[in-house]
Amino acid sequence: MRITSPAFEEGGTIPDQYSKDGGNQRPPLRFEDVPATAKSLAIVVDDPDAPQGTFTHWLAYNIPPDTREISDERTVTMQQACNDYGQPGYGGPRPPSGEHRYFFKLYALDDQLSLSRGASRLDLEEAMLGNVIAEAEYMGRFAARAMVGTT
């Protein structure tokens with residue numbers, strides 16, 4: 001199974017429009033070789049370089065297993081849990097300093113997940129436990145913006 005993005009290369013710079021302060025758009029994602037036995041897909045996007053430990057930017061689940069692309073041009077049915085900004089949905093990169101890595105993780109699951117509204121990453125991980133049949137990841141980088149007017 002593979003996950004890629006036409007917006008940036010593996011290990012490359014994530015364009016500003018996908019950052020929290022630059023438009024906060026979800027980057028387009030493409031999926032390949034999803035197992036035929038998958039009943040749903042899930043996405044976790046996180047930053048392991050955050051000062052307080054891994055910061056979760058997006059949690060999406062119950063994505064139909066025949067989905068091959070997620071973008072603003074395509075409507076995809078999915079449910080979303082709360083990111084570490086405290087909101088459901090995508091919250092783009094906003095590192096406090098330096099360059100951080102952002103991992104886009106795709107999971108193929110052998111079942112649909114049943115989570116309550118406002119679910120957390122821990123809730124999602126517990127629900128996925130024992131149900132992951134394949135996984136893939138793709139990494140992009142984003143650097144903190146320079147502060148204008150500071151010395």
Side-chain angles (χ1 to χ4, degrees), residues 1-113 115 119-129 131-145:
M1 187 166 74
R2 283 187 49 187
I3 179 173
T4 60
S5 177
F8 58 95
E9 294 180 9
E10 168 71 25
T13 300
I14 298 171
D16 193 56
Q17 70 198 57
Y18 306 114
S19 72
K20 184 78 168 164
D21 297 325
N24 206 38
Q25 295 176 22
R26 258 187 340 229
L29 300 172
R30 293 185 180 150
F31 313 143
E32 297 174 26
D33 302 323
V34 173
T37 56
K39 301 284 191 270
S40 69
L41 302 174
I43 297 171
V44 173
V45 178
D46 62 23
D47 167 11
D49 303 322
Q52 308 300 321
T54 300
F55 190 94
T56 302
H57 288 268
W58 189 27
L59 299 167
Y61 62 98
N62 288 345
I63 301 166
D66 60 350
T67 301
R68 295 299 172 260
E69 181 177 354
I70 292 179
S71 68
D72 286 339
E73 292 81 40
R74 294 187 184 275
T75 301
V76 175
T77 302
M78 69 177 86
Q79 293 176 286
Q80 300 179 86
C82 285
N83 59 41
D84 284 344
Y85 291 117
Q87 305 161 340
Y90 177 79
R94 188 197 296 168
S97 63
E99 183 179 78
H100 289 215
R101 297 168 299 151
Y102 297 85
F103 289 88
F104 293 74
K105 302 169 188 174
L106 175 66
Y107 298 92
L109 307 172
D110 64 3
D111 205 354
Q112 292 269 321
L113 302 180
L115 297 171
S120 68
R121 179 172 181 157
L122 182 60
D123 296 330
L124 177 63
E125 288 174 342
E126 286 177 355
M128 289 188 345
L129 198 61
N131 293 308
V132 177
I133 56 176
E135 56 188 275
E137 80 177 20
Y138 193 75
M139 188 268 290
R141 300 174 183 275
F142 192 82
R145 294 173 177 225

- Enter the distance from Thr37:OG1 to Ile133:CD1 here, rounded to the nearest 0.5 Å.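 Answer rounded to 0.5 Å: 3.5 Å.
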If we ignore hydrogens and angles and just use 3.5 Å, is the side chain of [X] paired with the main-chain N or O of [Y] as donor and acceptor?
| X | Y | value |
| --- | --- | --- |
| Gln87 | Cys82 | no |
| Asn83 | Gly89 | yes |
| Ser40 | Pro64 | no |
| Tyr138 | Arg2 | no |
| Asn62 | Leu113 | yes |

- Does a side-chain N-to-carboxylate-O contact under 4.0 Å join Asp46 and Lys105? yes
- Query: Can you tell me if CD on Gln17 sees more than 12 non-hydrogen neighbours from other groups inside 6.0 Å?
  - Reply: yes
- Let me know which of Tyr90, Phe104, Tyr102 forms a ring pair (Phe, Tyr, Trp, His ring centres under 6.0 Å) with His57. Tyr102
- Given Tyr85 and Phe55, is the ring-ring contact (aromatic ring centres under 6.0 Å, His included) satisfied, shown in steps? CA-CA 9 Å; Tyr85 291 117; Phe55 190 94; 4.9 Å; yes
- Please report the shortest heavy-atom distance between Ser19 and Pro93, naming the atom on each side. CB-O, 3.4 Å
- Item | Passing option when Ile63 is tested against Leu106, Leu109, Ile70, Thr77 for side-chain contact (heavy atoms from CB on, under 4.5 Å) | Ile70
